[in-house]
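By convention here, the first residue in the shown sequence is residue 1.
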Amino acid sequence: MVNKGPNHLSSTFAALSDPTRRAILVRLSQGELSVKDLAEPFSIAPPSMTKHLKVLERAGLIARSREAQWRPCRIEAGRLKEVSDWVEHYRRFWEERFDRLDVYLKELQEKEKKHARDK
């Protein structure tokens with residue numbers, strides 16, 4: 001089940017807060033993997049891996065399916081796009097602040113140069 005309410009960004013960030021879950025997403029960004037293959041590089045018990053996958057799935061970051069004995073997991077990029085869009089707003093905010101700071105610093109430098117020439 002995917003969390004579709006107003007708190008979906010919160011559940012996404014909560015899921016991303018764990019380094020193991022972020023590493024799982026990195027691995028899935030290369031393509032679908034079975035749960036067994038996905039768990040391979042991690043030194044965690046299978047029940048712990050299942051819990052991580054459930055958190056990612058509830059947050060809408062991955063999807064799991066079943067094809068005979070193979071249980072592939074794949075990344076769901078839509079939620080990551082929402083995070084990117086949210087962060088983008090703040091990136092623009094800080095860029096505008098830095099641009100204003102840059103203008104201010106250039107004005108100060110010009111004043112200092114003028115002051116040094118007037119001496």
Side-chain angles (χ1 to χ4, degrees):
M1 181 174 134
V2 176
N3 215 358
K4 293 189 179 187
N7 292 324
H8 66 274
L9 196 56
S10 296
S11 66
T12 302
F13 277 118
L16 293 172
S17 69
D18 185 274
T20 300
R21 291 192 285 266
R22 291 192 305 269
I24 289 169
L25 290 175
V26 168
R27 296 204 64 222
L28 288 175
S29 70
Q30 304 301 310
E32 285 188 359
L33 289 169
S34 70
V35 173
K36 181 183 175 189
D37 291 338
L38 194 54
E40 198 171 276
F42 301 102
S43 58
I44 57 176
S48 295
M49 177 55 92
T50 299
K51 286 181 183 180
H52 283 300
L53 294 176
K54 284 181 181 180
V55 169
L56 291 168
E57 190 173 29
R58 279 193 302 267
L61 293 166
I62 68 166
R64 296 190 291 174
S65 59
R66 185 179 201 162
E67 297 173 18
Q69 296 299 315
W70 193 54
R71 297 171 189 253
C73 295
R74 70 180 177 282
I75 197 165
E76 292 289 329
R79 284 296 161 94
L80 292 174
K81 172 80 168 87
E82 291 174 12
V83 169
S84 175
D85 292 345
W86 187 84
V87 170
E88 177 65 18
H89 168 76
Y90 292 98
R91 185 190 62 77
R92 285 192 311 264
F93 168 80
W94 282 110
E95 281 184 355
E96 289 170 7
R97 294 282 175 129
F98 289 137
D99 289 345
R100 285 195 303 241
L101 179 60
D102 191 41
V103 168
Y104 176 71
L105 291 174
K106 286 178 182 176
E107 288 172 359
L108 283 179
Q109 288 173 342
E110 289 300 318
K111 285 180 183 178
E112 286 178 7
K113 286 179 185 177
K114 184 180 182 218
H115 183 45
R117 284 190 302 247
D118 290 345
K119 284 186 174 182

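Under the 4.0 Å criterion applied to side-chain N and carboxylate O atoms, Glu88 and Arg91 are assigned as salt-bridge partners.
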Per-pair distances, 0.1 Å, donor-acceptor, side chain in residues 31-56, under 3.5 Å, sequence neighbours excluded:
{"from": "Ser34", "atom 1": "OG", "to": "Asp37", "atom 2": "N", "distance (Å)": "3.0"}
{"from": "Ser34", "atom 1": "OG", "to": "Asp37", "atom 2": "OD2", "distance (Å)": "3.2"}
{"from": "Thr50", "atom 1": "OG1", "to": "Pro46", "atom 2": "O", "distance (Å)": "3.1"}
{"from": "His52", "atom 1": "ND1", "to": "Arg21", "atom 2": "NH1", "distance (Å)": "3.2"}

Return all side-chain donor-acceptor pairs below 3.5 angstrom for residues 96-116, not counting sequence neighbours, or 'none' if the list is empty.
{"from": "Asp102", "atom 1": "OD2", "to": "Lys106", "atom 2": "NZ", "distance (Å)": "3.4"}

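When all heavy atoms of Ala59 and Ser11 are compared, the closest pair comes out as CB-O, 3.7 Å. Shortest non-hydrogen contact noted between Arg79 and Gly60 is CG-O, 3.4 Å.
When side chains are defined from C-beta on, Glu57 does not count as touching Cys73, because their heavy atoms never get closer than 4.5 Å. Between Ile24 and Leu61, every side-chain heavy-atom pair lies at or beyond the 4.5 Å cut-off.
Leu9 and Phe93 are assigned to two separate hydrophobic clusters, defined by single-linkage of ILVMFWY side chains at heavy-atom distances under 4.5 Å. Note on Val87 and Leu80: same hydrophobic cluster, where clusters join Ile, Leu, Val, Met, Phe, Trp and Tyr whose side-chain heavy atoms are under 4.5 Å apart, directly or indirectly. Tyr90 and Phe13 fall within the same hydrophobic cluster, where Ile, Leu, Val, Met, Phe, Trp and Tyr residues are linked whenever their side-chain heavy atoms come under 4.5 Å apart, directly or through other members.
Using modelled atom types, one side-chain atom of Arg22 and one backbone atom of Ser17 make a donor-acceptor pair closer than 3.5 Å.
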